[in-house]
Amino acid sequence: MYNAKEVEEKWLKCWKEDMYSFDWNSKKPHYIIDTPPPYPTGSFHLGHALNWCIIDFIARYKRMNGYEVMFPQGWDCHGLPTEVKVEEKYRIKKNDVPRDEFRKLCVDFTMQNIKLMRETAKRLGFSIDWSKEYITMKPEYFSKTQLSFIRMYKKGLIYKGYHPVVLCPRCETTIALAEIEYRKTKTFLNYIKFSDDVVIATTRPELIPACVAIAVHPKDERYKHLVGKKVKVPTTNYEVQIIADEDVDPSFGTGIVMICTFGDRQDVKWWKRHKLELRNILDRNGKLNEFAGKYAGLTTKEARKRILEDLALEGRLIKQEEIEQNVGICWRCKTPVEIIPAEQWFVKVEKEKILEAARRIKWVPQHMFSRLESWVEAMEWDWVISRQRVFATPIPVWYCKKCGEILVAKEEWLPVDPTLTSPSENCPRCGSNEFRGETDVLDTWMDSSITPLVITGWPNVKEYPTHLRPQGHDIIRTWAFYTILRSLALQNEIPWYEIVINGMVFGEDGRKMSKSLGNVIAPEEIVEKYGADALRMWAASGVIGDDIIFSWKEVVAASRFQQKFWSITNFTAMNTKDYRMSEEDRRHLRDADRWILSKLNKLVAEVRDHMENYRFNEALKAIRTFTWYEYADNYLEIVKNRIYSGSEEERRAAKYTICYVLSVLTRLIAPFAPFMAEECWNQIFDGSVHLQKYPEVDKELLSEEFEKKGEEVKEIVASIRKYKHDRNLALNAPLKRIIIFTKFDSLDTKDISGATNSKVELVKEEPNVEISVKSLKPKFAIIGPMFKDKAKKILGKISQLEKEDLKKLYSERELDIEVENEKIRIRSDWFEFELERKIEGKKVVLIETKNSLIFIEE
RNA sequence: GGGCUCGUGGUCUAGUGGUUAUGACGUCGCCCUUACACGGCGGAGGUCCCCGGUUCGAAUCCGGGCGAGCCCA
């Protein structure tokens with residue numbers, strides 16, 4: 001029995017840590033993989049596992065093909081989730097302790113999580129080069145993030161600006177567009193009378209004091225006359241212009257909309273397009289400010305209630321209807337977000353440049369490019385990179401307390417935390433030496449979007465672009481997008497030649513894996529039950545880019561295949577103890593050997609083609625089908641007997657073949673099932689299978705002719721097996737004699753004989769078979785309608801026919817008979833014949849295959 | 001509301017213009033044949049989501065519809 005757990009744990013101990021280390025000085029062609037740094041939550045989940053399996057398949061395949069492969073492991077540490085966890089753990093708020101102390105708690109917490117996740121990654125057998133591990137919260141890394149900030153600032157690609165940003169009032173920080181989620185909620189659409197002519201419909205009445213214009217559709221006949229007029233805004237004492245805009249939906253509400261600064265992103269568009277004034281009534285804590293007049297100090301929720309009450313009193317609230325609405329919420333805390341203008345740091349987004357670069361990258365699957373494309377094209381404003389948090393890379397900037405001058409850190413001062421240290425220079429404008437350090441920190445994507453640069457040694461890159469970016473499709477609009485942007489900005493080059501996108505993992509119920517749905521499966525659970533190799537083979541079963549449903553069935557099937565593979569290895573080892581592979585033995589190969597070796601080499605070509613195109617499912621399927629159904633079920637069954645009782649040469653040929661096949665199969669499957677492949681390899685061969693060359697096609701062994709012959713042998717054996725099966729005979733039951741007449745010049749009767757446990761003769765000429773008709777069964781469905789009432793008499797006549805006549809009917813396909821003085825021509829296809837065949841007076845049974853006639857004497 | 005992906009026996013799935021539609025799991029029957037019963041041999045099981053079009057020919061291409069998932073507004 002193959003014990004996956006035992007085998008895997010054994011090899012984890014045996015394998016050396018530096019087995020997969022990358023050497024810049026290696027003369028081999030380099031293959032650098034820009035692997036994703038996961039967020040260290042403490043658990044390496046199945047989604048990670050899928051992603052890493054795919055990376056590992058590629059890495060191992062490339063390595064076996066002679067590449068010097070870099071498979072680094074990063075950890076993308078910074079971010080709000082950890083801050084929240086740490087606050088929970090220590091029951092503090094981040095502002096209760098000094099910034100650097102809070103940061104330290106986050107660092108410690110994160111290091112523990114990384115430790116846990118490393119364990120899982122190692123257990124799954126990924127060929128990671130641990131010497132290339134990077135951790136974004138460490139000074140070695142974040143100083144590079146800071147350096148990238150400085151360089152982009154100098155190039156004018158980073159600026160400080162006053163701009164609408166998305167704010168989460170609960171987190172009290174701005175968030176990126178990418179961090180907004182949308183949720184359907186029920187809310188009231190309020191019809192509010194501004195004047196007798198102007199009734200607007202809004203879901204955000206609390207923003208009325210922020211109204212800066214009223215808009216209608218230019219073609220809306222109802223309101224054409226209003227355009228250009230002014231109307232007073234309720235609850236305030238000012239008037240706003242009524243304008244026309246194509247984007248107004250005449251069918252929504254009354255067809256009149258108020259534009260506020262800001263209710264949603266559409267408002268921002270209108271505000272920019274019509275150059276409207278700014279009335280900012282919201283503060284970053286989510287409360288209304290003095291511009292909201294008497295509603296100052298209220299939360300939006302309180303304000304909504306108060307304003308509606310006031311409007312109702314004035315008779316301005318005409319009606320309310322419940323509608324469903326998509327509300328933007330903070331991805332982290334699910335609080336509805338607000339849009340406010342604020343001073344923030346921005347990175348310029350040069351759409352065209354990015355798209356042009358993205359087009360030069362090979363996207364796998366190709367259609368994933370359109371996700372990036374539509375995202376970029378729909379972008380409305382630049383990338384906000386400042387965050388009001390603690391656990392993140394500090395922005396290396398100070399402000400002069402006297403003149404407000406921005407002082408950006410010098411490159412040699414890095415790493416730096418401007419909240420802890422002051423610049424070692426005076427203000428270049430006013431000479432003051434009093435500074436205020438920037439307390440805003442950088443968006444986490446600023447850390448992770450330079451991974452291809454960091455792993456290649458930036459700012460002194462050794463080699464660029466990298467070769468491959470593997471990642472999930474959920475972060476195309478973030479990680480992939482930002483990385484391309486940054487690579488262009490800092491290196492003026494695409495980050496990778498190729499990007500391979502994997503799908504998401506769903507639970508067995510077809511829904512996203514989540515704790516609340518209770519459909520989460522941890523990789524550890526699968527490893528515990530079936531081992532890492534089985535999990536890896538499940539991961540290989542999906543189509544690249546497609547979402548994949550976790551399936552125990554698939555894991556179990558993989559696990560059974562391992563047992564099969566192990567049995568084959570066991571058989572091979574048992575029978576080759578006394579044998580050492582020698583090319584000499586190729587000369588003695590028999591038909592079956594040449595057949596399987598040719599098919600094996602075809603398999604090698606096929607698998608290589610699949611691997612080159614990331615069709616891991618196809619590659620593994622081809623390996624499994626060949627191994628199980630061609631090799632084990634057919635070849636081994638055929639050759640077994642020769643190994644047990646053949647001549648010396650016959651046995652050597654068989655042994656050569658089974659060693660050769662095993663050597664190829666273990667190497668083919670090594671990227672998918674590294675533990676099993678290693679275990680099986682080591683039963684017969686020396687060294688590690690992972691340091692071997694990936695099998696290449698041996699053209700000398702390809703032979704269409706032998707494949708056809710081998711197929712025929714296989715078919716003959718299979719049909720004899722079926723014959724035995726139909727007669728309830730044991731498959732190894734001996735038959736007296738088997739005579740084969742075949743189109744081939746020769747066939748290897750030795751193996752047929754062995755496989756069927758019977759004497760086999762090959763005849764050059766079609767044997768002289770005496771055929772007699774034992775009985776015939778009329779097909780009433782034909783004869784009945786044809787002869788109606790005469791049918792009975794005709795059949796009566798037929799039943800009295802002589803053997804000779806029956807034979808004539810069979811061989812000449814028709815026969816004339818006389819019924820009641822009438823001549824009737826009957827045809828053989830109106831009957832089913834039961835024949836009896838005799839060769840040399842002995843009864844035989846005939847089986848036909850495509851190319852042969854098989855006569856069996858029982 | 002838009003974009004992308006998908007819809008094939010009970011379940012999952014292969015198949016992107018050409019014999020009888022692939023395989024896995026499950027199911028049924030037979031067989032413990034000295035590598036494997038986590039095995040072998042054999043069988044049953046399908047309106048290829050619906051409608052229309054292109055074509056000599058469509059699971060496959062086109063249009064529409066219905067349904068699912070993902071991403072976005």
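In what follows, chains carry the letters A, B, and so on, assigned in the order in which the sequence lines appear, proteins first and then strands, with residues in each chain numbered from 1.
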Compare the minimum distances between each of [options] and the side chain of [X], then state the nucleotide with the smallest one.
X: A/Arg371; options: B/U5, B/C70, B/G39; value: B/C70
X: A/Glu618; options: B/G15, B/G40, B/A37; value: B/G15
X: A/Met574; options: B/G69, B/A35, B/C41; value: B/A35
X: A/Gln563; options: B/G40, B/C4, B/C38; value: B/C38
X: A/Arg560; options: B/C70, B/G26, B/A35; value: B/G26
X: A/Asp547; options: B/C38, B/U5, B/C70; value: B/C70
X: A/Ser567; options: B/A24, B/C70, B/C36; value: B/C36

[N] versus [M] - spacing of their [atom1] atoms, nearest Å:
N: B/G26; M: B/A44; atom1: C1'; answer: 13 Å
N: B/G63; M: B/U47; atom1: P; answer: 27 Å
N: B/G46; M: B/G23; atom1: C1'; answer: 14 Å

Problem set entry | Min side-chain heavy-atom separation A/Trp595-A/Glu712 under 4.5 Å |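 Of all side-chain heavy-atom pairs linking A/Glu712 with A/Trp595, none is under 4.5 Å.
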May I ask you to say what [X] touches in the nucleic acid, namely base, sugar-phosphate or nothing, with a heavy-atom cut-off under 4.0 Å?
X: A/Trp628; answer: sugar-phosphate
X: A/Met504; answer: nothing
X: A/Lys640; answer: base
X: A/Ala632; answer: base
X: A/Tyr2; answer: nothing
X: A/Val543; answer: sugar-phosphate

In a table with atom names and distances, give each donor-acceptor pair under 3.5 Å that connects a side chain of residues 616-629 of chain A to protein atoms at least two apart or in another chain.
{"residue": "A/Thr625", "atom": "OG1", "partner": "A/Lys621", "partner atom": "O", "Å": "2.7"}
{"residue": "A/Thr627", "atom": "OG1", "partner": "A/Ile623", "partner atom": "O", "Å": "2.6"}

According to a strict under-4.0 Å criterion, is [X] in side-chain N/O contact with OP1 or OP2 of [N]?
X: A/Tyr629; N: B/U22; answer: no
X: A/Lys564; N: B/G40; answer: yes
X: A/Arg624; N: B/A24; answer: no

Exercise. Do A/Lys714 and A/Glu637 meet the salt-bridge criterion of a basic N to acidic O distance under 4.0 Å?
Worked result: no
Problem set entry | A/Arg590 and A/Glu650 ion-paired at < 4.0 Å |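 Yes, charged N to carboxylate O under 4.0 Å.
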For this session: Measure the acute angle between the ring planes of A/Trp552 and A/Phe550, then classify it against the limits of 30° and 60° as parallel, tilted or perpendicular.
Result: perpendicular
For this session: Could you tell me whether the side chain of A/Glu637 has a donor or acceptor atom within less than 3.5 Å of a complementary atom in the base of B/A35?
Result: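 Answer is yes: a donor-acceptor pair is held.
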Exercise. So does A/Lys553 reach the base of B/U11 with its side chain, donor to acceptor, closer than 3.5 Å?
Worked result: yes
For this session: Walk me through it: do A/Ile340 and A/Phe262 pass the test side chain to side chain contact (heavy atoms under 4.5 Å, CB included)?
Result: CA-CA 6 Å; A/Ile340 59 161; A/Phe262 299 96; over 6 Å; no
Problem set entry | Separation of B/C70 P from A/Ile549 CD1 (nearest whole Å) | 11 Å
Problem set entry | Closest-nucleotide ordering on RNA chain B, the 5'-leading residue of A/Asp474 and A/Asp546 | A/Asp546
